[in-house]
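Note that the structure is predicted; figures quoted are calculated from it, not measured. Just so we're on the same page: letters track the sequence lines, and every chain starts at 1.
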Amino acid sequence: MTSKLTLHGVSKRYGPVTALHPTDLEVREGEFVTLLGPSGSGKSTLLKIIAGMELPTEGRIIINGRDATEMPVRERDLGMVFQNYALMPHLTVFDNVAFPLKIRKTATEEIRRKVHDALKTVQLEHLKDRKPQALSGGQQQRVSIARAIVYNPSLVLMDEPLGALDKKLREQLQFEIKELHDRLGITILYVTHDQQEAMSMSDRVALMNGGRIEQIGTPRQLYFTPETAFAADFLGSSNFIDATVTARTSERTVCRLSSGEEIAAPSREGFSEGQKVRLMVRPEHISLLGQAVSADRNVLKGVTTGTTFFGESAEIRARLAAGSEIAIRIPNDYSLPEAEPGAPLHLEWDVRQTHVFA
Amino acid sequence: MTSKLTLHGVSKRYGPVTALHPTDLEVREGEFVTLLGPSGSGKSTLLKIIAGMELPTEGRIIINGRDATEMPVRERDLGMVFQNYALMPHLTVFDNVAFPLKIRKTATEEIRRKVHDALKTVQLEHLKDRKPQALSGGQQQRVSIARAIVYNPSLVLMDEPLGALDKKLREQLQFEIKELHDRLGITILYVTHDQQEAMSMSDRVALMNGGRIEQIGTPRQLYFTPETAFAADFLGSSNFIDATVTARTSERTVCRLSSGEEIAAPSREGFSEGQKVRLMVRPEHISLLGQAVSADRNVLKGVTTGTTFFGESAEIRARLAAGSEIAIRIPNDYSLPEAEPGAPLHLEWDVRQTHVFA
Amino acid sequence: MNTLHQSAKATSRLGRPISASVLIAWLVYLFLIVPSLIVVPMSFGTSNELVFPPQQWGLDLYAKALDPAQGWLSAGGRSFVLGLIATGLALMMGVPAAYGLSRTNFFGQKALSFMLLSPIFAPTIVVALALYLYFATLHINGSMLGLVMGHAVIITPFLVVTTLSGLKHLDRNIENAAMVMGATQLQVFFRVVLPAIKGPVLSGSLFAFLLSFDEVIVSWFIARSDQPTLPVKMYSSIQWEVSPVLAAISTFLVFITVIVSLVSAFAQPENTDGF
Amino acid sequence: MNTLHQSAKATSRLGRPISASVLIAWLVYLFLIVPSLIVVPMSFGTSNELVFPPQQWGLDLYAKALDPAQGWLSAGGRSFVLGLIATGLALMMGVPAAYGLSRTNFFGQKALSFMLLSPIFAPTIVVALALYLYFATLHINGSMLGLVMGHAVIITPFLVVTTLSGLKHLDRNIENAAMVMGATQLQVFFRVVLPAIKGPVLSGSLFAFLLSFDEVIVSWFIARSDQPTLPVKMYSSIQWEVSPVLAAISTFLVFITVIVSLVSAFAQPENTDGF
């Protein structure tokens, strides 16, 4: 598949401040790639550079095979969806969607047909004569999406498009955007700080932190094999436990907690015996009732400190013998007894779900 | 335990519009009660009436044993926390928290001590000389909470206090507020539209809809035994399936789908054979791989239409033979194969997790 | 139980001190407006002196005001034309200037913006004197050109202010979106920015026109004494004697002002384009 | 690869048309401000005629302006006292009126608010004439009381506007919170509302003072001819001859205006209390 966007060593400095370290990225035709990160991680800077609202300090940008590094915004052949819709308040829905076509001096009949198709795609044909202010937030964002795809740009940028919507609507539009992407085969570069949104929509996620891409991969890769403590913490919930490496084979690394208990994890490069490390295990991978202990399971003792009910699941918090607090996420059952604070617990989980970070 | 707040048939009409139907409610000493509902459900009207910012059209309000129906706001002995903090911009953190005490002409030394204690409770002693604008949103809301508890009011009202904060901070403050409530034994009436927030914090939840309390009970009661389709839909995720009642015993009601398949549910009052009903089952209660079929399990056939990855869990969407779409929430496993669209599925769940609504 | 509370009672009991401040608002309003209003009944008198209330009622004063020989009509026409041209000039200067101010971030923008608006604060008498001296060197005192430029100096800052307030409510990303979709900067300005702020600009133009139409001092310095604007002619005639016909002219000016400010008030609220 | 782009280049290439509107802003500014500024060098001339540039430099004109026998000092003092009292009166009327307007929802509030502000739009000449006629019936023309009341009518609406804008940024729930915590309505007003809007109120007061200090027409009607305000004295002296000492007075007025509007600009931004 051809590449719709390629960044070679793109960076941005404002005087002495580096907003973006040299960054490479490729988005292939039909791909849905998300820039995920907290505010200040450089994702907005990167998006602005791609859109042409900022120039990179170094590096080259290739859009659809053409060098776009110094190209003005309007020649880059992009579509863009903004958080606050950015619809023109004085134009009807139809005229908003027709705007990019009119700028391109498309024939009237073709405009009518294309706008109609785009509005049909987002299921808003019936509202084409309304002004944007007369629509709900979700409808306005659908108009904005129609406007971004009606002229068939090489790449559609979406800048936190669901950030202004409430939760139910956000989930619905996540589904709609993903469905639109799959059906029309458009190429999307999506920016969000919401890890759930990134994981549920994307083909690949570029996790950004401190002005660089910390890890890039499929949602499953980021969730199940995070390469850094930041990645582990930013995507999903995580429990961190301090430990020291005591033994190491090519397959397993064994670590000792301050309580003397030992935890095994799959081996990764770069750790040596005696090194202080942080172990991570996700709350939902921990089970409560101790099964027959096998070599493939880690076991720890703890004491319940509280429980929280979330509907589809419940969280039990426990204090480990090693001192730190740990959260356990368990599927909620009707008949589940509430764990009393102070009750002793045996926690156990699969060795493969244990991660070691420096 | 004594009652801190009692409402007897409180209602509110604006001309011909009824914002609140006659409502009874009791909040006992030390209880954490949440008014949960979508916007326009009457929860804000009810809160304003309790606070004294609106007068009820009918009914009586008893606060801490005194009839407060016609009492001015300032005599009701309430504390209140607002969504946008409502701190006084010209006063320091200390003076903001001291404000209610100064109004009460408390002695200077006592003010100093009480404000210090309240700020210590929310862990903000070190910021007492700052202006509110110099604090983060989470810190401002903690100041606002300190101000609402420093004069020990009968009842603390909280009006969507976490609505202006981002997700991580919201979860942290949920925990802090709940912990504060448990530790200090204060009585809280909390308003929110976020069902997760309501379920994880409250002793009891009053679910409001269309100007009345639709159901009131513990979070578990609302989640596992919703009395109406609205309650089932508003708290947690839910799948609805149209069906017709075909058989009924005192224990079980059997319903037939349009595909001819039959589903059993626990019997409830008020349904008769031949009646059209809606069945509900939650996504996380459905399992995929058919176990040995027992009389306690419902089984349906379907075809996969898509999957969504959420990190700790994944959602599989399926189309039933009966036509409707259904979502299945399964714990995520590392080794879980992605279900191919078009693959046939057998869905099954516990009869007790099936709900029947008119 | 279940006592009925009337909302009137609720308002009076819970809202009493607020009602007090509403009462203050009304009293202040009366204090401010009564003087201007007593002119109106006076204008329907017939006597040769201005008294309140008039001893006889009639339209004599209006007939006199409309008599071409008195020069009020031509002065009014002159003020009208002057107001239109000066407002047009102020629009052409003020709107692009406001756009430039609001859409750039460069060192000194704050200072420029402050200075651009400073003529609003400047003493009229100083501005008038300065313009008189300045135009004397340009030899345009006494000409329509001088009047137009003098008025443009006075009213442009107000147009800048109203345009800036309109631009403040315009999401910057609407312009970014238009550029991403292929629009040039000129297309962005004329097809996106201008239509979106037409409410505040229209409202500001009306206000600017009123300012020009009512302006006395600058015009008094610059206008030829035989070709006065309407306010200058009023002022000159007051200097000799307070003629009763002035009540009719004043009533007319009050009427114009009320009409224009009503239209302006309707054009003001943002997001009403096309509703 | 990895070509270095200078940010200066970036600005000039991507931002060119915006730079054009910045250029327009500067040109408009020059057009507006140049006339007022040429007075300043003129004031440092010594000749008996106002010319630019002055042929000789000196402080003679300032010496003349400060000579008590000329009456400029006493006129300035009168204007200063008048401005202070009128601003004080306007504060006492305008702030509660604005609070009443912004904090109630009753039928006609919109209309009242519109009418309260309408004097801003009213033609000065009409207001002046009306006040003259009105005060004649009250027998306060020529008195300080008349001047104070006349100026209060002119400047109160501006104080109402600035106070309203301050109140608009004040979260209504801050007042609700104070009431829930036990404060009476008076305590809410004096301990919560007033301190929170002191920035805009201060800024509005300065602006109102400037308006009063610079006002010509109303004062010209009401003031006794042997006890003029500073602008009236300037205006009267211009009517006979344009004396060079006026350049010195004008420069002084420009200086005062710049100082006051700078202070006002610093008081304006909200949420700066105590920073």
Side-chain angles (χ1 to χ4, degrees), chain B residues 44 47-48 50-54 63 71-92 95-106 129-134 140 143-161 164, chain D residues 91 95-96 98-100 102-109 162-205 263-264 266-275:
Chain B
S44 299
L47 192 78
K48 277 183 191 158
I50 295 165
M53 293 164 202
E54 301 264 9
I63 296 175
M71 217 179 251
V73 177
R74 66 173 181 282
E75 291 171 17
R76 294 191 177 205
D77 190 28
L78 300 172
M80 189 153 178
V81 176
F82 296 85
Q83 179 170 347
N84 291 317
Y85 326 132
L87 298 174
M88 290 152 207
H90 60 290
L91 297 181
T92 61
D95 287 335
N96 262 289
V97 178
F99 186 90
L101 300 174
K102 285 181 179 166
I103 290 287
R104 282 166 177 69
K105 305 204 191 306
T106 311
D129 295 323
R130 297 264 188 98
K131 288 288 174 68
Q133 312 85 288
Q140 289 190 52
V143 175
S144 167
I145 291 167
R147 188 178 65 169
I149 62 175
V150 71
Y151 54 105
N152 201 21
S154 302
L155 175 67
V156 177
L157 308 176
M158 298 195 174
D159 190 4
E160 307 240 6
Chain D
L91 268 175
V95 174
Y99 183 63
S102 74
R103 289 295 177 260
T104 353
N105 256 323
F106 71 95
F107 181 73
Q109 182 202 319
T162 46
T163 307
L164 275 178
S165 84
L167 287 167
K168 207 161 68 181
H169 293 111
L170 182 65
D171 183 0
R172 180 76 209 256
N173 276 336
I174 293 180
E175 292 163 62
N176 286 335
M179 275 197 283
V180 170
M181 290 187 289
T184 64
Q185 291 269 3
L186 277 180
Q187 285 173 319
V188 169
F189 182 73
F190 284 104
R191 300 180 64 163
V192 178
V193 175
L194 263 194
I197 60 169
K198 66 171 190 283
V201 168
L202 176 62
S203 161
S205 304
V263 173
S264 165
F266 277 103
Q268 183 61 25
E270 62 261 11
N271 297 331
T272 46
D273 334 72
F275 279 86

Query raised in the report: Can you find a pair of side-chain heavy atoms, one from D/Val180 and one from B/Met53, that are under 4.5 Å apart?
Result: yes
Report summary line: Rounded to the nearest 0.5 angstrom, the CG-CZ distance for B/Leu91 and D/Arg191 is 9.0 Å
Query raised in the report: Which heavy-atom pair separates D/Ala196 from B/Pro89 by the least distance, and what is that distance?
Result: CB-CG, 4.2 Å
Query - Point-to-point distance, once rounded to the nearest 0.5 Å, from CE of D/Met179 to CD of B/Glu75 - result: 13.0 Å
Query raised in the report: From B/Gln83 CD over to D/Asn173 CG, what is the distance, rounded to the nearest 0.5 angstrom?
Result: 9.5 Å
Query - Main-chain N/O of D/Leu194 paired to B/His90 side chain as donor or acceptor, under 3.5 Å - result: no
Query raised in the report: Nearest 0.5 Å, what's the CZ-CZ distance between D/Arg172 and B/Phe82?
Result: 10.5 Å
Query raised in the report: Where on D/Asp171 is there a heavy atom nearer than 4.5 Å to chain B: the side chain, the backbone, both, or neither?
Result: side chain
Query raised in the report: Side chains of B/Pro72 and D/Thr184: closer than 4.5 Å at any heavy-atom pair?
Result: no
Report task. May I ask you to decide if D/Gln185's main-chain N or O and B/Arg74's side chain share a donor-acceptor pair within less than 3.5 Å? Result -> no
Query raised in the report: Going through the distances and angles, do B/Ile103 and D/Met181 end up as a side chain to side chain contact (heavy atoms under 4.5 Å, CB included)?
Result: CA-CA 8 Å; B/Ile103 290 287; D/Met181 290 187 289; 5.9 Å; no
